[in-house]
Amino acid sequence: MRATLLALALLLLPGAAGAEDLVAGLSQDQIQITSNYTGSDLVVFGAIEQPPDIEEDTPPGQRDVVVVVRGPAATMDVRRKDRIAGIWINNREVTLEGMPAYYYVASTRPLDKIAPPYMLARYQIGFDHVKPQSTSTRKAARAEEFRQAVVRERARAGLFSEAPDGVEFLGYSLFRVHVPVPAGAPRGQYTAEVYLFRDGVVMSAQSTPLFVDQTGLERNLFNFAHNEPVGYGLAAVLMAVLLGYLSSLLFRQQT
Amino acid sequence: MEIYLPIAEMSVHWLIILAMGGAVGFLSGMFGVGGGFLLTPLLIFYGVPSEVAVATTASHITASSMAGALAHWKRRAVDFTMAGVLLCGGLVGTSFGVWLLKLLREAGQSELVVSGGYVILLGTVGGLMLKESLEAVRATRSGNPLPSRPAQHHNWIHGLPLKMRFRQSRLYISVIPPLALGFAVGILSAIMGVGGGFILVPAMIYLLRMPTGVVMGTSFVQILCVTAATTVLQAASNYNVDILLAAVLILGGVVGAQFGVRIGAQLRGEQLRLLLAILVLAVGARLLIDLVVTPADIFSVTVEGQ
């Protein structure tokens, strides 16, 4: 839903005549996370096409490129522990719906120098502006407190990250970004968005989908556990019984 | 080599897991206990979600009690009638426990109940063992060993109805105490990931007054069946059995147990019990500290249906 809205928003951008145009692409549109995967890089690259009426010597400081990669939306139960009778106990719970399970933002400069907060909020750029679609609480302050907890937790797991100087320019118009994809990256549809800012205003933007899938033994076991839970349980028992039996055979031979 | 545990959802080094299984296997071989009550907390300390630790340990105990059950079966030291009655209670208990764990997880309290339950369990068992073994050590030092308790021929158990004959144990007692015992141990198996031998064995000897010869074998058979059932039920309703984690733990445990048995045979009984008591209390204390100390982040996040 939000992806569609965002795509619409991108279509309705001020296509001012003579504006610089943006072309971007991805190194892969499918990432397979396998068992002995320790994380890899997705490369987002692109170029700013220059219309002929802009002079070559426009200082590069005025324009900025921001790359955002969003993971699939997830429903998250966030709980706050409180000290009750000396023991830390999960107390209040807030459910956030439609939070991206993965979020990465890279830019040419720190985001607060690129654009004013309302502009960043409009495109959900930056940790302060990644918002859930809905929350189970009506109090804005509480929703914000729990949203920030998600950002912290995801950042610790390497699933949310900000790289204020992550956009690398190769020459005047060519740029590239290395997007880290850790082993715990959730599977699903991601979007890579590239924004071109000039003087704090989005001049051009592009959104490209990509898919992250988990394969290998571990994923097959996970699928087995969730699709055939009883069979999986029986397999676990069979394995345990067999290993126990084998060990008793081995043990008897040794003594 | 790092392996990714599909259910625990974490990357671990397989050697660490193997060593953990080995250490617990060693201790269980040395002390003649199942080791579930040490393995579950150890996995929790390592960062495995408590529910996954509990359910996966159940399958680990299935493997370790398999070997024990086979050995006693060969010596015909198993009272299958008693094991059957215990198992009836055990299956009801574990189903109830697995259901309870599901409710607790949905309420976000499974972690607290598992840790809190362990603090109480390890504190009580460790405390009693420490007291008993210290007395035994003191008695041996002073030269007059403790008098063995005179066997009572009748206790309150004999007043209960629904009596049944247990040939192998040469008992004619009510089925209510073994059913209740099985039920209690079944709940423990589901919620704490323990086999429950440390409760079953003393209860069979002192409460049911079974002959010591068949106690170990019967408890092994009961634990084998209950933990097997627990594994299937946990997998079916809570999706929290990590088969990869279990496999590596079992491999380590099997090897560790062999060394443990050999070392254990060279140590004196009361010293062994004293060591075990201290270990049990230390694990319980560590769990208590984790509950009391301010956590690094008081918020926790669970992603639904990932």
Side-chain angles (χ1 to χ4, degrees), chain A residues 35-38 74-83 86-90 93 95-96 101 145-146 148-150 152-154 156 183-184 186-187 216-226 229-237 239-248 250-252 254, chain B residues 1-7 9-11 56 59-71 107-109 111-112 116 224 227-229 231-237 239 241-244 246-247 250-251 254-255 257-258 261 291-295 297-306:
Chain A
S35 33
N36 43 12
Y37 180 91
T38 47
T75 301
M76 299 180 186
D77 295 324
V78 189
R79 297 188 174 95
R80 191 183 67 204
K81 284 195 177 70
D82 286 307
R83 196 173 225 149
I87 292 170
W88 288 92
I89 294 174
N90 277 336
E93 177 182 339
T95 304
L96 305 181
E145 190 191 6
F146 281 73
Q148 283 178 4
V150 169
R152 278 199 306 276
E153 187 266 346
R154 295 270 115 181
R156 272 198 300 273
R187 63 204 294 259
L217 174 69
E218 284 78 356
R219 185 67 207 178
N220 294 339
L221 285 175
F222 179 89
N223 289 341
F224 183 24
H226 284 258
V230 176
Y232 176 86
L234 289 173
V237 168
M239 178 199 71
V241 165
L242 274 179
L243 286 176
Y245 177 65
L246 284 177
S247 82
S248 76
L250 218 69
F251 187 56
R252 196 175 47 191
Q254 283 182 0
Chain B
M1 189 187 76
E2 295 265 313
I3 53 171
Y4 186 75
L5 303 176
I7 305 299
E9 292 180 343
M10 58 189 287
S11 279
T56 305
S59 69
H60 175 89
I61 298 168
T62 307
S64 59
S65 53
M66 177 70 190
L70 279 177
Q109 301 300 350
E111 212 179 313
L112 172 75
L224 172 68
T227 53
T231 306
V232 176
L233 289 171
Q234 296 278 31
S237 62
Y239 312 106
V241 177
D242 200 309
I243 205 166
L244 208 60
I250 291 170
L251 285 177
V254 159
V255 179
Q258 318 241 342
V261 167
L291 284 177
V292 175
V293 165
T294 310
D297 194 336
I298 60 170
F299 290 89
S300 61
V301 180
T302 357
V303 179
E304 278 179 22
Q306 199 182 46

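Here is how names work: the chains are called A, B, and so on, in the same order as the sequence lines, proteins then strands, and each is numbered from 1. This structure is a prediction, so every number in the text was calculated from the model and none was measured. Only heavy atoms go into these numbers, but all of them, side chains included; no hydrogens, no water, no symmetry mates.
When atom types are taken as modelled, the side chain of A:Arg80 and the backbone of B:Ile298 share no donor-acceptor pair closer than 3.5 angstrom. Looking only at distances, a side-chain donor or acceptor of A:Arg83 sits under 3.5 Å from a matching main-chain atom of B:Val292. With hydrogens and angles ignored, the 3.5 Å screen pairs a side-chain donor or acceptor of B:Thr56 with a backbone N or O of B:Asp242.
Per-residue heavy-atom pair counts under 4.5 Å with chain A were compared for B:Leu244, B:Leu5, B:Leu224, B:Ile61, and the maximum is reached by B:Leu244. Of the residues considered (B:Val293, B:Leu251, B:Thr227, B:Leu233), B:Val293 shows the highest number of contacts with chain A, using heavy-atom pairs under 4.5 Å. Of all the listed residues (B:Ala228, B:Gly108, B:Ala247), the one sharing the greatest number of non-hydrogen pairs under 4.5 Å with chain A is B:Gly108. Listed options A:Val150, A:Leu242, A:Val237 were ranked by heavy-atom pairs under 4.5 angstrom with chain B; first place goes to A:Val237. In terms of non-hydrogen atom pairs under 4.5 Å with chain B, the most contact-rich of A:Asn90, A:Asn220, A:Val78 is A:Asn90. Contact tally against chain B (heavy-atom pairs below 4.5 Å) for A:Asp82, A:Leu234, A:Val230, A:Val241: the top residue is A:Val241.
For B:Gln234, no part lies near chain A; criterion is any non-hydrogen pair under 4.5 Å. Neither the backbone nor the side chain of B:Ala71 comes within less than 4.5 Å of any heavy atom in chain A. Contact annotation for A:Ala225: both backbone and side-chain heavy atoms come within less than 4.5 Å of a heavy atom of chain B. Both the backbone and the side chain of B:Leu291 come within contact range of chain A, each with at least one heavy atom under 4.5 Å from a heavy atom of that chain. Contacts of B:Val255 with chain A are absent, with no heavy-atom separation under 4.5 Å from either backbone or side chain. With a threshold of 4.5 angstrom between heavy atoms, B:Ile243 approaches chain A through its backbone and through its side chain.
The two residues A:Ser248 and B:Leu70 have their closest heavy-atom pair at OG-CD1, 3.5 Å. Taking all atoms of both residues into account, the shortest heavy-atom contact from A:Arg154 to A:Ala101 is NH1-O, 2.9 Å.
A:Tyr245 is linked by a ring-ring contact (aromatic ring centres under 6.0 Å, His included) to nothing, counting only residues two or more places apart in sequence or in another chain. Residues that satisfy the side chain to side chain donor-acceptor pair (under 3.5 Å) test with B:Ser300, not counting sequence neighbours, are absent from this structure.
In A:Glu153, the CD atom is crowded: over 12 heavy atoms of neighbouring residues, nucleotides or ligands sit closer than 6.0 Å.
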